[in-house]
K.L.:
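Would you mind keeping the following structure in view while I ask a few things?
For ligands, and for the atoms within them, numbers begin at 1 and follow the listed sequence. If you read the sequence from its start, that first residue is 1, and numbering goes on from there.
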Amino acid sequence: MKKRIFSGAQPTGQLHIGNYLGALKNWVALQDEYEAFYCIVNLHAITLPQDPKTLRQKTLDLARIYLAAGVDPQRSTIFIQSDVPEHTELAWVLSCIARMGELERMTQFKDKGKGNAERAGVGLFTYPILMASDILLYQTDLVPVGQDQKQHLELSRDLAERFNRGYGDTFTVPEPYIPKAGASIKSLQDPEKKMSKSDDNANGSIFLLDDPDTVTKKIKRAVTDSGTTIEFDESRPAINNLLTIFQLLTGKSADECTEHFRGKGYGDFKSELAEATVEFLRPFQDRVREFDDEALIGILHPGAEKARTIASDTLGSVYKSMGL
Ligand code: ATP
Ligand code: LTN
């Protein structure tokens with residue numbers, strides 16, 4: 001039997017190349033070797049206020065992006081989180097074994113709650129429990145995510161182990177899959193911050209749906225560090241980030257990239273990076289336009305049905321072992 005993968009993204013904001021290089025690209029690469037479940041986590045999206053019409057639209061748009069990136073519905077199960085009610089049911093059970101202290105340590109809550117626990121939503125606080133429930137319902141072996149999700153994944157592992165100790169072996173304890181290169185693509189405007197959908201400055205991110213002009217302008221305006229050589233150097237986060245993007249989009253090795261840019265300056269480098277990005281995005285954006293809503297629904301409905309058969313099995317064992 002193939003091992004299982006689960007991952008998901010929120011249908012909020014606009015997906016950027018950080019989401020692609022840190023997560024989606026690996027989802028696609030791993031779907032042959034594993035039985036894969038890729039979820040559109042709309043229940044996570046409502047941890048912050050969303051406009052209902054926009055949320056519905058963005059949910060379908062995100063499905064289009066999964067497909068355009070190369071997630072293959074013949075091999076992988078793609079579905080919408082709220083179509084599988086077991087996610088919220090298991091989340092309740094897990095919330096009864098999770099501890100306040102471990103949730104208080106989650107750095108994303110501190111960031112997204114803007115340090116104001118008094119005003120922050122309870123859902124934002126308990127969000128990592130819903131994420132654990134997403135993962136554990138499918139007896140997941142591997143979870144491909146970016147670096148920012150590592151702490152949430154550790155909580156998922158802790159909850160699985162705690163449940164197994166208390167009520168008998170029920171959950172597979174999932175492993176994170178965090179790529180060596182691309183796990184944390186940085187903002188083009190501030191290489192100390194990760195590229196983020198929720199960044200107010202759109203110049204920091206290259207969105208997957210940006211047009212060629214916008215991409216080129218954003219790359220030309222990207223901040224650089226002192227020094228003139230184009231090489232990987234931990235002490236120069238801006239060039240490191242831009243070269244990592246170039247490396248992953250072109251599929252070259254780190255050595256090939258350094259060799260390629262030996263003796264060249266920022267002007268040449270930025271032009272080539274812009275060209276490589278535009279060349280990557282063009283066919284991607286063509287594919288996004290290929291899927292109409294009807295085609296999407298024809299993929300998402302059977303996806304949810306398949307997901308439910310597995311999710312309800314796991315939830316059944318959980319209830320049984322707890323005496324529910
Ligand atoms: P936000 O950008 O507002 O923090 P998010 O992009 O983390 O939100 P999702 O869309 O759910 O939220 O993320 C989907 C995946 O993309 C996750 O696996 C996440 O770890 C990964 N990811 C997000 N930002 C980056 C980044 N800058 N570099 C690499 N991977 C990223
Ligand atoms: N928390 C993640 C999205 C997410 C997820 C998941 C990722 C929700 N459930 C399960 C992997 C597995 C985020 O905000 N990026």
Side-chain angles (χ1 to χ4, degrees), residues 4-27 30 36-48 50 58-59 61-62 65-66 69 79-82 84 87-88 90-91 94 106-113 123-124 126-138 140-157 159-160 174-202 204-208 237 241 244-245 248 307 311:
R4 245 181 229 155
I5 280 191
F6 184 97
S7 199
Q10 300 194 37
T12 54
Q14 295 200 60
L15 255 74
H16 48 68
I17 52 163
N19 300 125
Y20 176 76
L21 298 173
L24 274 161
K25 187 171 186 273
N26 299 314
W27 300 6
L30 293 164
F37 291 81
Y38 297 127
C39 186
I40 296 157
V41 292
N42 58 347
L43 294 166
H44 278 90
I46 61 166
T47 53
L48 294 173
Q50 304 295 337
K58 284 203 174 285
T59 302
D61 289 346
L62 186 55
I65 285 189
Y66 287 9
F79 69 102
I80 301 173
Q81 190 183 28
S82 63
V84 181
H87 288 244
T88 43
L90 180 60
L94 295 179
M106 297 291 131
T107 57
Q108 200 179 55
F109 173 70
K110 292 180 204 157
D111 294 344
K112 294 203 174 175
L124 193 64
T126 57
Y127 150 122
I129 299 177
L130 181 58
M131 175 162 164
S133 151
D134 298 339
I135 296 168
L136 302 183
L137 268 180
Y138 298 91
T140 302
D141 298 287
L142 198 69
V143 186
V145 282
Q147 178 67 30
D148 60 325
Q149 296 302 317
K150 186 164 186 269
Q151 197 186 28
H152 292 158
L153 222 89
E154 272 157 16
L155 177 73
S156 303
R157 289 172 54 86
L159 293 178
E175 297 285 339
Y177 178 99
I178 298 174
K180 273 200 195 74
S184 188
I185 298 292
K186 305 301 183 192
S187 158
L188 301 186
Q189 290 298 314
D190 179 357
E192 301 296 331
K193 274 188 359 200
K194 78 161 194 137
M195 192 176 279
S196 164
K197 296 197 286 194
S198 29
D199 192 341
D200 295 333
N201 184 355
S205 310
I206 297 171
F207 298 117
L208 293 174
N241 187 45
T244 301
I245 297 173
L248 293 172

K.L.:
For ligand 2, which atoms have a heavy atom of Val145 less than 4.0 angstrom away?
P.N.:
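Close to Val145: 7 (C), 11 (C).
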K.L.:
Please state which option from His44, His152, Lys197 has its nearest heavy atom closest to atom 8 (C) of ligand 2.
P.N.:
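When every heavy atom of His44, His152, Lys197 is considered, His44 comes closest to atom 8 (C) of ligand 2.
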K.L.:
Side chain or backbone of Asp148 under 4.0 Å from ligand 2, or both, or neither, by non-hydrogen atoms?
P.N.:
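The answer is neither; Asp148 stays 4.0 Å or more away.
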K.L.:
Identify the closest protein heavy atom to atom 9 (N) of ligand 2: which residue and atom is it, and at what distance?
P.N.:
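Closest protein heavy atom to atom 9 (N) of ligand 2: Asp134 OD2, 2.7 Å.
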K.L.:
Looking at side-chain heavy atoms only, is the closest gap between Pro11 and Asp61 below 4.5 Å?
P.N.:
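The answer is no; the side chains never approach within 4.5 Å.
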K.L.:
Counting from 1, what ligand 2 atoms have a heavy atom of Val41 closer than 4.0 Å?
P.N.:
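Per the distance check, 8 (C), 9 (N).
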K.L.:
Hey, is the main chain of Thr47 close enough, under 3.5 Å, to the side chain of Tyr127 for a donor-acceptor pair?
P.N.:
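Not at all, since once roles are kept as given, no pair shorter than 3.5 Å links the two residues.
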K.L.:
Work out which heavy atom in Ser184 is nearest to a heavy atom in Gln147; give both atom names and the distance.
P.N.:
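The pair with the smallest heavy-atom distance is CB-CB, 4.1 Å.
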K.L.:
Do Asp134 and Phe37 come within less than 4.5 Å of each other through their side chains, counting heavy atoms only?
P.N.:
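SC-SC contact between Asp134 and Phe37 ruled out.
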K.L.:
With atoms numbered from 1 as shown, which atoms in ligand 2 lie under 4.0 angstrom from a non-hydrogen atom of Tyr127?
P.N.:
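Per the distance check, 1 (N), 2 (C), 13 (C), 14 (O).
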K.L.:
Would you say Ala9 touches ligand 2, if touching means a heavy atom closer than 4.0 Å?
P.N.:
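No, Ala9 has no heavy atoms under 4.0 Å from ligand 2.
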K.L.:
Does a sphere of radius 6.0 Å around NZ in Lys150 hold more than 12 heavy atoms from other residues, nucleotides or ligands, not counting ones at 6.0 Å or beyond?
P.N.:
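No, not enclosed.
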K.L.:
Are any of the N or O atoms of Gln108 closer than 3.5 Å to those of ligand 2?
P.N.:
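Gln108 vs ligand 2: no N/O contact under 3.5 Å.
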K.L.:
Around ligand 1, what residues show up once you keep those with a heavy atom under 4.0 Å from it?
P.N.:
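Lining ligand 1 at under 4.0 Å, by heavy atoms, one finds Ala9, Gln10, His16, Gly18, Asn19, Gly22, Ala23, Lys112, Val145, Gly146, Asp148, Gln149, Gly182, Ala183, Ser184, Ile185, Lys194, Met195, Ser196, Lys197, Ser198.
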K.L.:
For His87 and Tyr138, take the angle between the two ring planes, folded into 0 to 90°, and tell me which bin it lands in: parallel under 30, tilted 30 to 60, perpendicular over 60.
P.N.:
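His87 and Tyr138: tilted rings.
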K.L.:
What's the verdict on ring pair (Phe, Tyr, Trp, His ring centres under 6.0 Å) for His152 and Phe109, showing C-alpha distance, side-chain angles and the deciding distance?
P.N.:
CA-CA 11 Å; His152 292 158; Phe109 173 70; over 10 Å; no
K.L.:
Find all atoms of ligand 2 within a distance of less than 4.0 Å from any non-hydrogen atom belonging to Val143, and give their numbers and elements.
P.N.:
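Near Val143, meaning under 4.0 Å from one of its heavy atoms, ligand 2 has 11 (C), 12 (C).
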K.L.:
List the closest protein heavy-atom neighbour of atom 15 (N) of ligand 2: residue, atom name, distance to the nearest 0.1 Å.
P.N.:
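For atom 15 (N) of ligand 2, the nearest protein heavy atom is Gln149 NE2, 3.1 Å.
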K.L.:
Taking Lys194 as the fixed residue, which of Asn241, Asp148, Asp199 is the one that meets the side chain to side chain donor-acceptor pair (under 3.5 Å) rule?
P.N.:
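Output: one option passes, namely Asp148.
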K.L.:
Which of the numbered atoms in ligand 2 are below 4.0 angstrom from a heavy atom of Ser7?
P.N.:
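Checking each atom against Ser7, I get 11 (C), 12 (C).
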K.L.:
In terms of residue, atom name and distance, what is the protein heavy atom nearest to atom 3 (C) of ligand 2?
P.N.:
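Nearest neighbour among protein heavy atoms for atom 3 (C) of ligand 2, to 0.1 Å: Gly8 O, 3.7 Å.
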K.L.:
Under 4.0 Å from a heavy atom of Ile135: which atoms of ligand 2 are those, numbered in the order shown and with their elements?
P.N.:
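Once the distances to Ile135 are compared, the set is 10 (C), 12 (C).
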K.L.:
Donor-acceptor pair, distance only, cut-off 3.5 Å: does the side chain of Tyr66 make one with the backbone of Ala9?
P.N.:
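Side chain of Tyr66 to backbone of Ala9: a pair is present.
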